[in-house]
Amino acid sequence: MTSDASKGLHRAILKALNKSTRIGELLGAGGRICGEDMPQDTDHPDDQGRPSIILRSGTARSWHSATFDGQEHALVLDVFCKRRGTDTQEISSAIIERLHDADLPIHGHALVSLDFECSETTAAEDPGDGIDQCRLYFKALTIGD
């Protein structure tokens, strides 16, 4: 069995998102991209309601054959945006464009595929004070080097 690639995969995804000029423009100066370090007791990572992307903890399970050892990863990214309109969808689209079929380096592992699977969008009940959210689901396959 190969070692767990989850931590390296998460680092590679966060690095790719942070280096994306398009995502940076959509998030604006106050927006942020974070991983598992976000406090779990909040619905939104920013009291000011600034746009945010959170890479949630995912799941990994064995994926192998007689010729390789690998893992299948289920990944969840949440996009939050307080601004009304298409901002949440635009940010989500930019994330999908950046990550789907991406070739990301993972120390000690090879990324075989990274695929967007589906999304769930929730519009704020109160357009003035609410926060729109989009949850993106990805699947990744990794093998040990």
Side-chain angles (χ1 to χ4, degrees), residues 1-47 49-125 130-145:
M1 176 72 184
T2 187
S3 64
D4 187 12
S6 298
K7 187 176 257 185
L9 177 60
H10 280 226
R11 283 187 192 135
I13 288 171
L14 290 172
K15 186 175 182 178
L17 294 175
N18 276 302
K19 285 189 165 205
S20 169
T21 304
R22 176 75 178 131
I23 292 171
E25 289 171 354
L26 290 169
L27 289 177
R32 59 186 215 171
I33 300 168
C34 55
E36 300 164 345
D37 56 344
M38 193 211 73
Q40 296 298 316
D41 60 346
T42 59
D43 291 333
H44 188 272
D46 186 345
D47 293 342
R50 293 175 284 211
S52 299
I53 300 168
I54 303 167
L55 176 57
R56 301 286 185 189
S57 295
T59 60
R61 64 182 195 183
S62 179
W63 175 68
H64 63 276
S65 75
T67 59
F68 67 86
D69 282 329
Q71 292 178 312
E72 179 180 325
H73 305 265
L75 304 161
V76 177
L77 288 106
D78 283 330
V79 178
F80 295 97
C81 196
K82 190 169 185 173
R83 295 178 298 212
R84 201 65 178 147
T86 60
D87 293 338
T88 304
Q89 287 84 9
E90 287 179 33
I91 295 168
S92 298
S93 293
I95 293 169
I96 294 166
E97 185 177 308
R98 176 61 189 101
L99 295 181
H100 182 74
D101 281 337
D103 183 18
L104 305 176
I106 305 169
H107 180 71
H109 302 273
L111 180 61
V112 176
S113 67
L114 178 58
D115 298 310
F116 168 70
E117 291 198 312
C118 67
S119 66
E120 300 170 352
T121 303
T122 306
E125 289 182 25
I131 296 169
D132 289 345
Q133 176 182 357
C134 185
R135 179 163 278 184
L136 304 169
Y137 296 90
F138 286 83
K139 180 174 94 172
L141 299 174
T142 58
I143 57 173
D145 280 349

Open item on the list: Determine whether Leu114 and His73 satisfy the following criterion, side-chain contact (heavy atoms from CB on, under 4.5 Å), listing intermediate values before the conclusion.
Closed with: CA-CA 9 Å; Leu114 178 58; His73 305 265; over 6 Å; no

Task: Side-chain heavy-atom pair Phe138, Asp115 within 4.5 angstrom cut-off - done: no

Open item on the list: Working to the nearest 0.5 angstrom, can you tell me the gap between Lys7 NZ and His107 NE2?
Closed with: 13.0 Å

TODO: Calculate, to the nearest 0.5 Å, the distance between atoms OG and CG belonging to Ser113 and Leu111 respectively.
DONE: 6.5 Å

Open item on the list: Can you confirm whether Leu75 sits close enough to His10 that some side-chain heavy atom of one is under 4.5 Å from a side-chain heavy atom of the other?
Closed with: yes

Open item on the list: Just to verify, what does Arg135 make a side-chain hydrogen bond (donor to acceptor under 3.5 Å, both in side chains) with, not counting sequence neighbours?
Closed with: Asp78

TODO: Measure the spacing between OG of Ser52 and CG of Leu27 and express it to the nearest 0.5 Å.
DONE: 7.5 Å

Open item on the list: Side chains of Val112 and Thr142, heavy atoms from C-beta outward: is any pair under 4.5 Å?
Closed with: no

TODO: Could you tell me whether the side chain of Leu17 reaches within less than 4.5 Å of the side chain of Leu99, counting heavy atoms only?
DONE: yes

Open item on the list: With a 3.5 Å distance limit and no angle check, can you tell me whether His100 reaches the backbone of Phe116 through a side-chain donor-acceptor pair?
Closed with: yes

Open item on the list: Treating Gln71 as the side-chain partner and Ala5 as the backbone partner, does any N or O pair qualify as donor plus acceptor under 3.5 Å?
Closed with: yes

Open item on the list: Please identify which of these residues, Thr121, Ile53, Ile96, meets the side chain to side chain contact (heavy atoms under 4.5 Å, CB included) condition with Leu136.
Closed with: Ile96

- [ ] For Phe68, enumerate each residue passing the ring pair (Phe, Tyr, Trp, His ring centres under 6.0 Å) test, keeping only those at least two apart in sequence or located in another chain.
- [x] Trp63

Task: Exceeds 12 heavy-atom contacts within 6.0 angstrom, atom CD of Glu117 - done: yes

TODO: Hey, could you give me the CG/CD1 distance between Leu77 and Ile91, rounded to the nearest 0.5 Å?
DONE: 12.5 Å

